[in-house]
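By convention here, the first residue in the shown sequence is residue 1.
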Amino acid sequence: QLVVHLIMPVALRVYAEPPEAMAADQIVGRLKMALPQIGIDNPQATTRLKLPRAALSGRQGELASPHLGSSLEFHDFRDYQPGDDVRQIDWSALLRTGKPIIRTRRAEVSPRTEVIVDGSRSMALTPDKARRTTELGLMLERVSRAQGLPPALWWAGKDVVRVEGAMPSAFDGTMPLPLALPRLPLRSCGVRIVVSDFLFEGPLRPLLVRLAEGCSLLALVQVLAQEDRDPLTGPGARLTDVETGEFLDQLLGDDAVLRYLERLKAHQALLDAEATRVHARLIRVPAEGELLQTARAHLIGALLEVRGAT
């Protein structure tokens, strides 16, 4: 029987029952083989996180955030608003213009990395998607550590877990990322990376605004399987919400898939716009294929850089 998995925004997943997901030790084994080829985990490691050009600021080792704060680094002028710190008024500008003008300054953040992996059930829609999500979380944690940015790797599944060794093997989260976010103990950091499919209902703006707070760089790594991007049609099918287990039996034709693709396109355009609004990097990564080819095609240049490359 064909099984169609439903995850918002109205994503129709059609495929034969998949084989069992790859075991965690197999994923780690594949990762160890791929990392040296990418330029990670070898004595001549050359691959690093691609930081903002003007990232270094303030005391040695600190990073400048694109958001406002109270550091010594001047950012811009703007009109005074009720509630602003009167100590930041530029009195010479007030004398010249007769208007209270505020000097804004950049926030300073700690040189550390937070990697947040979405552990909800939708990330295990296919074995490839579960494997790619796990690989990316581990890889980004290792490249950050090798670069001297102490990483904190978080798994947002049924429970929020800080990963110290092996990644959890079960994608068991029943809440979408916006609902799981309050359980994450986010701290000021230089780089924050979120690995998710970002396929959920609800406004994106509050989620991305919260994720962008207190970091110099926010990167959103969207992992999509073939069934996410272009689901197949079939005869009778069962629509199953992978988060809740609720299902609906109905005929699935070309019209239903077309409506899904139209809604997915609109959702992706909105995600693009909201990521731009908070100055985040949005990188889309396919679940299928080898990690080495995926890193070269989608991550190098966008989130990673090869040191010394021209």
Side-chain angles (χ1 to χ4, degrees), residues 34-76 104-117 135-154 163 184 186-196 198 208-223 271-272 274-285 291-292 294-310:
L35 289 182
Q37 298 178 69
I38 298 172
I40 305 168
D41 276 8
N42 66 26
Q44 292 78 38
T46 58
T47 302
R48 304 162 58 91
L49 290 173
K50 187 176 181 180
L51 299 175
R53 290 185 179 274
L56 295 179
S57 172
R59 296 186 295 275
Q60 184 176 6
E62 288 193 335
L63 298 173
S65 168
H67 307 284
L68 301 183
S70 57
S71 74
L72 298 179
E73 183 186 354
F74 171 74
H75 176 60
D76 202 356
T104 61
R105 305 178 187 279
R106 287 190 183 274
E108 289 182 344
V109 295
S110 302
R112 50 187 294 275
T113 301
E114 288 181 342
V115 181
I116 302 167
V117 177
E135 287 177 340
L136 287 172
L138 291 171
M139 183 189 77
L140 294 168
E141 187 267 347
R142 293 191 184 192
V143 70
S144 175
R145 187 182 303 279
Q147 193 169 343
L149 298 174
L153 177 58
W154 292 98
V163 179
L184 286 164
L186 302 181
R187 296 172 51 201
S188 174
C189 63
V191 182
R192 181 172 294 136
I193 305 171
V194 185
V195 182
S196 174
F198 296 98
L208 300 194
V209 168
R210 176 65 187 93
L211 288 172
E213 289 178 355
C215 65
S216 177
L217 169 64
L218 172 63
L220 310 174
V221 182
Q222 186 182 35
V223 181
L271 181 58
D272 285 333
E274 296 300 338
T276 300
R277 181 184 293 273
V278 298
H279 309 287
R281 295 181 193 169
L282 174 59
I283 304 100
R284 292 191 168 98
V285 175
L291 179 62
L292 176 61
T294 297
R296 288 173 174 171
H298 301 278
L299 298 177
I300 301 295
L303 181 56
L304 304 176
E305 64 181 355
V306 179
R307 185 171 52 189
T310 58

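Between Glu213 and Val209, the closest side-chain pair of non-hydrogen atoms falls below 4.5 Å. Residues Gln222 and Leu271 form a side-chain contact, since some pair of their non-hydrogen atoms from C-beta on lies under 4.5 Å apart. Between Leu303 and Leu140, some side-chain heavy-atom pair lies under the 4.5 Å cut-off. Contact of the Leu218 side chain with the Val191 side chain is not registered, since no non-hydrogen atoms from C-beta on lie closer than 4.5 Å. By the 4.5 Å heavy-atom criterion applied to side chains, Ile116 and Leu211 are counted as neighbours.
Here the CD atom belonging to Glu305 is positioned 7.0 Å from the CG atom belonging to Leu51, to the nearest 0.5 angstrom. Rounding to the nearest 0.5 Å gives a distance of 9.0 Å between CZ of Arg145 and CG of Leu153. His279 NE2 to Leu208 CG: the interatomic distance, rounded to the nearest 0.5 Å, is 12.5 Å. Atom CG of residue Leu49 and atom CD of residue Gln147 lie 4.5 Å apart, to the nearest 0.5 angstrom. Distance OG1/Thr47 to CE/Met139: 9.0 Å, rounded to 0.5 Å. Within the model, atoms CG of Leu186 and CH2 of Trp154 stand 9.0 Å from one another, a figure rounded to the nearest 0.5 Å.
Of the residues listed (Leu299, Leu220, Leu304), the one engaging Ile283 in a side-chain contact (heavy atoms from CB on, under 4.5 Å) is Leu299, and it is the only one.
A donor-acceptor distance shorter than 3.5 angstrom exists from the side chain of Arg112 to the backbone of Ser188, with no hydrogens or angles considered. Although no hydrogens or angles enter the test, the distance criterion places no donor-acceptor pair under 3.5 Å between the side chain of Thr113 and the main chain of Ser144. Distance alone, capped at 3.5 Å, is enough to place a donor-acceptor pair between the Arg192 side chain and the Arg187 backbone.
The two residues Lys50 and Leu217 make their nearest non-hydrogen contact at O-CD2, 3.7 Å. Contact record, Val115 with Gly137: CG1-O, 4.1 Å, taken as the closest heavy-atom pair.
Look at Arg284 and Asp272 and you find a salt bridge, because one of the NZ, NE, NH1 or NH2 atoms lies within 4.0 Å of a carboxylate O, short of that distance.
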